[in-house]
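Taking it in order: structure first as C-alpha cells, then the write-up.
Chain naming here is simple, since letters A, B, ... match the order of the sequence lines and numbering starts at 1 in each. Source: prediction; values computed, not measured.
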Amino acid sequence: MNDPLITVTNLTMGWDDRVLQRDANFTVQRGEVFVILGGSGCGKSTLLRHLTGLAAPLSGEVRVKGTDPKEPSLEPPKFGVMFQSGALLGSYTVGENVGLPLREWTDLPLEAVRAIVQAKLRLVGLDNTEGVMPSELSGGMKKRAAIARAMALEPDLIFLDEPSAGLDPVTSAELDELIVALNRELGLTVVVVTHELDSIFRIGTRCIMLDRETRSIIAEGDPRELRDHSEDPRVRAFFHRKPKEQLS
Amino acid sequence: MSAPSPDTVATSDAVARVTLQGELDLRSGKMLWNTLKQAEHDSARQVEVDLSDVTAADGSAAAILTSYRAELRSKGVDCQLVGARENVAEILRLYESTQKLGPRPRRKAQGQLDQIGTAAIGVAREAQMVIAFFGQMVVGMMNAFRAPRTVNWKELLPTAERAGADAVPIVALINFLVGMVISLQSAAQLHRFGADIYMADLVGISVVREIGPLITAIVVCGRTGAAFAAELGSMQTNEEIDALRTMGFGPMRFLVMPKALALMAVMPMLTILADLMGCLGGLTTGVVRLDLSVGGYLAETQRAVHLSDFTSGLIKSVVFGLAITLISCQQGLAATGGAEGVGKRTTAAVVTTLFTLILIDAVFTVFFEVSTQL
C-alpha cells in the first residue's frame, strides 16, 4: 500500500480546558472519498480545521503529505478547501475568487488565468458566472464556486466542509455527483465532513465516525458495511436514523 | 376549552389524592401547578394524581405533571399519575422526566477585585495582541518593500478612494467649522487687547500643528477605521479569512497591508486639506467679525506658521494612519461569534483607536516641544 496522504496520530483537540476528541488515530489513502461523520457538536468541523492547519492540536500530530499543515510555507498550498458557507470573498467576482490562487502562485498571464477560471467554473456547472458577485449566487452555486476555487491550483486533495448543508435534495445530489466525478475522473482525494446520510452513501468510500460522549472515533470503514453490519448501537442509531434507545 | 377542576382529597395523613378534570393546557397551567403544590403536604408519603377525567393535555401540562412527579420522587414521596386516557398517557410518555426541577441557574456575581483583575488582564492581553500585530505589520512592510509583487495592489486605489476622496467633504466641513469656532472663541479676547491680527497666529498654529491632523484622524477613525474593523470582522466570522489562509494568503499582506499603505498615503493629503479649511474658517471669522483684511490675515498666517509646524502635523498624520489601520484591522481579525462579535470589535476598534490617537498626539507634542528647545 502507498504511503497515506494524511496521517493523524494521537490527536487530541479542543480549546482551553474543553477536549472535543481524544487520541484520534486514522489515515487517509490516496484516491479515497473519506467521510468524517458524527452527530452535531462531536468535533467534525474542528477536526477539519486541524487537518487544514487552521487549528493547533492540544497534543498529537497531523501530517498531510508528510508535512505539518500548520507549518508556514512559501510553497503553494498542497490542498484545496471548501468551507461550509463557501467563504467566497464578497468584494470579488466569482471569477476573481477562483482566479485568486492562480494569480498568487503562478506567473500565468491574465488571459490564461481567465481561461482556467472559466474551465473550472464550467467543470462545476457554473458557466457564465465569471463576472457575477457571490451575493448573487444561490447557496448551492456558492459551494460549487468554492469547489472551483479549491481546485484552482490542481491539488490532488480537497477538503469539503458540509457540502450538502442547507441545500435542497436535488442540488445536494448534484453536488454529490460532482464530488464523485472529481474523485473518479480526476483521481482527486476528497475528505468530506458531513452528517447527511444520503450523501455519505452516495460519495463515501471510507469513513470515520466521531462520538461526542466518548470523545473518540467509534467506527471506521466502508459506510455501507457499517450501516449493515455494525453492532455498535451508536453507529446503528446514526445510520438507521433512530434514537439509541429504540435500537438497544 | 374548560379549565381543570381540581379536587384534592387527603385520604389519610400518609396519602394525598388529586383528581383533575377537563382539558389541561397552558392557560390552565397556573391552576394545575398550584393544585399540585397544595396536595404536597409534609406528612404525605404518597401522592396520587387521578387523570381519568382529563380529556386532553398539552405539552406544558404534561411537563408540569412529570416534573412534579420527579420532584416528589426525589424527596422520597411516591407519586403516581393514574387513570390517564391513551391520548394523555402518550403525551406524558413524551415528556417523561426523571429529573427534578433544579435550582434556578444564577450567574455568580464577580467580586470588585475580581472585576478589576479580569479587566487588567484583558487590557494587558489586548495590548500584547496589538504589539504582536504591529510586529507582524512591520515584517509585512519590509517584505512588501523587498517583494512589492506580493502586496495586493489591486485593493490599494479603491481603499485610498474610499478612505481619502470620499472623506473630503466631511473633513473639509468639520475643519472649516472647527477653525471658525476657535477664531470666534478667541475673537472677543483678542479684540479687548487690540490684538485682532494675532487671531491668524492662534488659528494657524493650532490648526496646522494639532487640530488639523487630530480632527482628520478622528474623522478617518470613525469612517474608515470602523469600516476596516467591520469588514475584517465579517470576513473572519464568514470563514473568508480561513479560506484565504488555506490558499496561502496571509491576511496581513493581502488585506491589512493595502489598507495601511492607502491610509498612510491619504492621511497627509487629508491633513493638508484640513489645515487649509481650518485656516479658511479663521479667515472667515477674522474678515466678518474683526474686519481684518484678507491679505493681512494671510500674511500674518504665513509669518506665524513655520514649515516645521506644517511638517510635524504631516508626520503625525502618517503615524495616525498607521495606528488607525493597525488597531482596526487587529480588532476586526480578532472578531468571533457572529454579528455580536463583529459589533463588539468594531466598537472596541473605534474606542481604542481614539485613545491611541490622543496618546500619540501627546507624545508627538512633547517630542516636538523638547526638540525645539534643544
Side-chain angles (χ1 to χ4, degrees), chain A residues 15 45-46 48-49 51-55 64 69-93 96-107 110 134-135 142-143 145-147 149-153 155 157-162 243 245, chain B residues 93-94 96 98 121 125 135-136 139-140 143-144 146-159 161-163 227-228 230-259 262 332-333 335-339 342:
Chain A
W15 51 88
S45 293
T46 308
L48 196 77
R49 289 179 66 79
L51 297 181
T52 53
L54 290 169
V64 177
K70 195 101 185 68
E71 284 290 310
S73 166
L74 298 174
E75 300 290 310
K78 293 185 166 73
F79 48 78
V81 185
M82 189 215 81
F83 289 87
Q84 196 170 344
S85 62
L88 300 174
L89 303 188
S91 56
Y92 285 60
T93 63
E96 286 169 336
N97 264 286
V98 178
L100 213 55
L102 291 166
R103 292 183 62 184
E104 173 68 12
W105 292 109
T106 70
D107 51 5
L110 193 60
S135 58
K142 276 184 193 153
K143 293 192 180 199
I147 291 177
R149 186 176 66 181
M151 290 170 47
L153 291 171
L157 168 66
I158 59 170
F159 294 93
L160 310 175
D161 189 6
E162 306 263 11
E245 311 83 65
Chain B
R93 267 196 300 276
L94 194 64
E96 186 69 48
T98 51
I121 290 167
R125 199 170 285 165
Q136 290 172 27
V139 172
N143 289 338
R146 220 171 17 219
R149 193 182 157 272
T150 59
V151 177
N152 181 16
W153 296 108
K154 189 178 161 244
E155 278 297 306
L156 193 72
L157 280 181
T159 308
E161 187 187 346
R162 282 197 303 272
F228 284 172
E231 180 191 340
L232 294 191
S234 301
M235 288 180 79
Q236 180 71 274
T237 53
N238 290 339
E239 299 180 312
E240 291 175 36
I241 303 285
D242 286 344
L244 280 172
R245 284 201 171 105
T246 60
M247 287 189 284
F249 296 87
M252 180 57 70
R253 79 186 161 83
F254 192 77
L255 297 169
V256 180
M257 287 302 298
K259 290 178 170 56
L333 288 172
T336 50
V342 176

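Proximity to chain A is limited to the side chain of B:Glu155, based on heavy atoms less than 4.5 angstrom apart. For B:Asn238, the part lying near chain A is the backbone, with the side chain staying farther off; criterion is any non-hydrogen pair under 4.5 Å. Interface remark: B:Met235 contributes side-chain atoms only to the contact with chain A (heavy atom separation under 4.5 Å). Only the side chain of A:Leu54 comes within less than 4.5 Å of a heavy atom in chain B; its backbone stays farther off. Using a 4.5 Å cut-off between heavy atoms, B:Leu244 contacts chain A through its side chain alone, with no backbone atom that close.
The two residues A:Leu89 and B:Glu240 come nearest to each other via the heavy atoms CA-OE1, 3.4 Å. The two atoms that bring A:Ala87 and B:Glu239 nearest to each other are CB-O, 3.5 Å, heavy atoms only.
Interface summary for chain A: among B:Pro158, B:Gly248, B:Ser234, the most heavy-atom pairs under 4.5 angstrom belong to B:Gly248.
You'll find the side chain of A:Phe159 stays beyond 4.5 Å of the side chain of B:Thr246, heavy atoms only.
For the atom pair B:Lys154 NZ and A:Tyr92 OH, the distance stands at 4.5 Å (nearest 0.5 Å).
Salt-bridge check for B:Arg253 with A:Glu104: passed, with a basic side-chain N closer than 4.0 Å to an acidic carboxylate O.
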Using distance only, find each side-chain donor-acceptor pair of residues 70-84 of chain A under 3.5 Å and give its atom names and separation, not counting sequence neighbours.
residue, atom, partner, partner atom, Å
A:Ser73, OG, A:Glu75, N, 2.9

query: How far apart are the C-alpha atoms of B:Met247 and A:Leu153, what are their side-chain angles, what is the distance that settles it, and do they pass the side-chain contact (heavy atoms from CB on, under 4.5 Å) test?
result: CA-CA 9 Å; B:Met247 287 189 284; A:Leu153 291 171; over 6 Å; no
